[in-house]
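Report on one structure; see the data block that follows.
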Number of protein chains: 2
Amino acid sequence: MTKSARRGPYFCGIDAAMDVVSGKWKSLILWELHDHGTRRFAELRRGLPGVSEKMLIQHLREMEEDGLVHREVYREVPPKVEYSLTEHGLSLNAALAPLGEWGTGRIRRIGAEKVSFDVAATS
Amino acid sequence: MTKSARRGPYFCGIDAAMDVVSGKWKSLILWELHDHGTRRFAELRRGLPGVSEKMLIQHLREMEEDGLVHREVYREVPPKVEYSLTEHGLSLNAALAPLGEWGTGRIRRIGAEKVSFDVAATS
DNA sequence: AGAGGTACTTACCAAAAGGTAAGTACCTGA
DNA sequence: TCAGGTACTTACCTTTTGGTAAGTACCTCT
């Protein structure tokens, strides 16, 4: 009855890697966590302008299932939960670096804009 | 009136790269073209078990628009069209290599299966 | 007292992505 | 003559993905 799969079968390695990275915000979450080391839920939400809370936890849960992020719950009130990258999350991020450079080159080529906060924020 | 966009705005390079690679078969098309240098439409279809003709051309057209593949039409009967990677397609493929290796490692870790022809083929 | 913050969860809805199956026009080989 | 190949195109439908908005429970600050 799980709605998540992400366990193949796969055609090749790229196929398997894309499966865990595809999702509107996943690569951004990866970057955000790599950049800050560890982040709370609300910090991530603020760091990803435009993300909905629903998608944010959905993605975080899937990435936890896939062994990319670690979720540390502090049993206090108000609630505190910290997210960080696991070993596999870190290596995935490293593997994404060349792709990021290629993308930066493409942005230059086509003259695409960067997302600005006023574009991303819904209010 | 074009239904395709893929022109940003983007949060970062990975975002921009993912935009042109996301699509069920795109990375596979990239690999297939890199592997064989140049392929005809029907050769690609046979090389990607399970792909529908609709998605195959849709993806090929988008990748052509994005400057990743070159489409060479030979005005003969029966029709002959050859697809190959452009300079940018080749460099994208190179940038995907580390991701492919990471994915191969993940397949090993979770013990995922490779797609077999009987799984992929619809008839 | 009331606004706003913590981290979610849930129901409902819209848009995007992808699949099926048929049609087109012309050719080759059995 | 008739199946099967070439490279598509089109209409229709299902599945997947993502967004909205509300609710939960408890806290701090003004």
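Order of the sequence lines fixes the chain letters, A, B, ..., with proteins taken first and strands second; residue numbering starts at 1 for each chain. Note that the coordinates shown come from a computational prediction; the quantities given were computed from them, not determined experimentally. These numbers come from the heavy atoms of this one structure, side chains and all, not from hydrogens, waters or symmetry mates.
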For A/Glu82, is there an ion pair with A/Arg39 - N to carboxylate O distance below 4.0 angstrom? no

Distance in angstrom units between A/Leu56 CG and D/dG18 P, rounded: 13 Å

How many whole angstroms separate atom CZ of B/Arg46 from atom C1' of D/dG5? 9 Å

DNA chain C: B/Gln58 or A/Lys54, which has the more 5' nearest nucleotide? A/Lys54

A/His59 side chain near D/dG18 phosphate (N/O to OP1/OP2, under 4.0 Å): yes

Output yes when A/Arg6 and A/Glu65 qualify as a salt bridge under the 4.0 Å nitrogen-oxygen rule, no when they do not. yes

CD of A/Glu53 versus P of D/dA22: gap in Å, rounded? 13 Å

Find the distance A/Arg45:CZ to C/dC8:C1' and express it as a whole number of Å. 10 Å

Donor-acceptor contact below 3.5 Å, side chain A/Thr86 vs main chain A/Gly67: yes

For B/Asp19, all residues meeting salt bridge (Lys or Arg N to Asp or Glu O under 4.0 Å), sequence neighbours excluded: none

Give every residue pair that meets the ring-ring contact (aromatic ring centres under 6.0 Å, His included) criterion with at least one member in residues 27-49 of chain A, sequence neighbours excluded. A/Trp31-A/His34

Side-chain N or O of A/Arg61 closer than 4.0 Å to phosphate OP1/OP2 of C/dC8: yes

Please list, in numerical order, the residues of residues 62-85 of chain A that have a heavy atom closer than 4.0 Å to any atom of DNA chain D. A/Val77

Going by salt bridge (Lys or Arg N to Asp or Glu O under 4.0 Å), name the residues that satisfy it together with B/Arg40, two or more places apart in sequence or in a different chain. none

Here the distance between atom P of D/dT17 and atom CE of A/Met55, to the nearest Å, is 9 Å

Could you tell me whether B/Arg7 and A/Glu113 make a salt bridge, using a distance below 4.0 angstrom between a side-chain N and a carboxylate O? no

Tell me the interatomic distance from A/Leu48, atom CG, to D/dG18, atom C1', rounded to whole angstroms. 14 Å

Answer yes or no for A/Arg109 and A/Trp102: cation-pi contact, defined as NZ/CZ to six-membered ring centre under 6.0 Å and angle to ring axis within 45°. yes

Rounded to the nearest angstrom, tell me the gap between atom CD1 in B/Ile57 and atom P in C/dA21. 17 Å

Near DNA chain C, counting only heavy atoms under 4.0 Å, which residues of residues 24-40 of chain B show up? B/Lys24, B/Trp25

Counterpart residues, side chain to side chain donor-acceptor pair (under 3.5 Å), relative to A/Glu62 (two or more places apart): A/Lys26

